[in-house]
Amino acid sequence: MSNPVFLALDVPQIEPAKALLQKVKSHIGGVKLGLEFFCAHGGHGVHEIAHMGLPIFLDLKFHDIPNTVAAAMQAIHVYEPAIVTVHASGGRAMMEDAKAAAAEGCKVVAVTTLTSMDSSDLTATGVYGSAETQVMRLAELAHKAGLDGIVCSGKEVGKVHKEWKDGFFVVPGLRPTGSGTGDQKRVVTPRSARDNGASVLVIGRPISRADDPEAAARAIEATL
Ligand code: C5P
């Protein structure tokens, strides 16, 4: 991918989302549509955004029995996503079947541990040990299952990249120098994540909430 920036289109209405995309589209490489967007606007919404010509990252975080996840994966072929996500905690068979059912060329990447969960949250779900140990364990499982890569933070991507040289790494939680961090706590700059091995940089509010989104996207592009 020439421009690694995927804009997180966490905008509740379709028309403002399209207007934003129109402004920034020449400075980004793709668009990330999440669960919120998909539940609100369905396949129609995805097609509306896809018609604007940028690659689509469908961040639906599938997690179910292998047969169901494989069927869901087949059902989204119509949107021709470039990237989709599944939960690594669904297990090896689920990930293998997800990858087998994905369209050719579509990157299937695993979410390891939600960043909203710390060690005590993990313990409450029966997972003992640190969040980092769990991330590394699930990254290895995703690799063995034949997935393309994982979603990880800019702080972890260097370490994961060392273990998984040809992995495809999707990194959110990025903040260009000088922009507000919002609710993101462990942030790095887009350039630093890229230098540490990120394949895709997911960026939302630093572009979408900027006074001038086009200038913000252009400035980020220039740092890469
Ligand atoms: O606005 P911001 O740049 O923080 O948006 C980041 C995007 O990446 C959001 O869509 C958010 O849900 C997603 N994300 C994240 N942190 C994770 C996983 C996903 O911020 N660990």
Side-chain angles (χ1 to χ4, degrees), residues 3-13 16-17 20-21 24 27-41 45-46 49 54-63 81-89 107-119 121-122 130-132 134-136 138-139 142 147 149-160 168-194 196 198-211 213 216-217 219-221 223-224:
N3 185 331
V5 175
F6 271 60
L7 175 67
L9 211 48
D10 301 319
V11 179
Q13 306 295 331
L20 170 65
L21 201 50
V24 305
H27 304 294
I28 59 176
V31 185
K32 183 183 89 99
L33 300 175
L35 205 47
E36 186 186 333
F37 182 95
F38 195 76
C39 291
H41 307 296
V46 179
I49 300 298
L54 287 167
I56 299 290
F57 170 8
L58 269 187
D59 185 18
L60 300 179
K61 300 188 176 69
F62 291 150
H63 186 177
I83 310 168
V84 297
T85 46
V86 300
H87 270 283
S89 52
K107 303 281 189 196
V108 182
V109 301
V111 174
T112 55
T113 303
L114 294 172
T115 42
S116 54
M117 296 183 81
D118 63 15
S119 300
D121 294 313
L122 287 173
S130 72
E132 191 186 298
Q134 180 69 352
V135 168
M136 296 311 289
L138 289 177
L147 290 206
I150 63 164
V151 181
C152 59
S153 82
K155 304 268 183 199
E156 293 153 2
V157 68
K159 185 172 177 189
V160 185
F168 184 86
F169 302 114
V170 172
V171 176
L174 301 167
R175 292 294 176 265
T177 311
S179 94
T181 55
D183 56 359
Q184 298 280 12
K185 292 191 181 118
R186 304 174 69 233
V187 298
V188 305
T189 64
R191 177 58 198 249
S192 149
R194 186 74 169 141
N196 283 309
S199 316
V200 159
L201 308 170
V202 174
I203 303 180
R205 288 162 291 179
I207 294 174
S208 60
R209 302 258 177 99
D211 292 335
I220 291 169
E221 185 185 27
T223 68
L224 301 169

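Ligands are counted one by one from 1 in listed order, and the atoms in each one are counted from 1 as well. Only a predicted model underlies this, so the values are computations on that prediction, with no experimental measurement involved. In this chain, numbering begins with 1 at the start of the sequence shown.
If you number the atoms of ligand 1 from 1 as listed, the ones under 4.0 Å from a heavy atom of G204 come out as 1 (O), 2 (P), 3 (O), 5 (O). Counting atoms of ligand 1 from 1 in the listed order, those under 4.0 Å from a heavy atom of R205 are 1 (O), 2 (P), 3 (O), 4 (O). Close approach of ligand 1 to D10 is summarised as follows: ligand atoms under 4.0 Å from at least one heavy atom of the residue are 9 (C), 10 (O). Taking every heavy atom of P206 and a limit of under 4.0 angstrom, the matching atoms of ligand 1 come to 3 (O). Remark: ligand 1 atoms within the under-4.0 Å shell around heavy atoms of V202 are 7 (C), 8 (O). Atoms of ligand 1 found under 4.0 Å from any heavy atom of A8 (numbered from 1 in listed order, with element): 7 (C), 10 (O).
The aromatic rings of H87 and H63 lie tilted to each other, with the angle between the two planes from 30° to 60°.
The two residues A217 and V24 have their closest heavy-atom pair at CB-CB, 4.1 Å. Heavy atoms only, all atoms of each residue included: L9 and L20 are closest at CD1-CD2, 3.9 Å.
Remark: E36 engages no residue in a salt bridge (Lys or Arg N to Asp or Glu O under 4.0 Å) (not counting sequence neighbours).
By the criterion of a heavy-atom distance under 4.0 Å, the side chain of R175, and not its backbone, is placed next to ligand 1.
Side-chain atoms of L224 and P190, non-hydrogen and from C-beta on, do get closer than 4.5 Å to each other.
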Using the side-chain contact (heavy atoms from CB on, under 4.5 Å) rule, take V188 and K155 through it: C-alpha gap first, then chi angles, then the decisive distance, then the call.
-> CA-CA 7 Å; V188 305; K155 304 268 183 199; 4.0 Å; yes
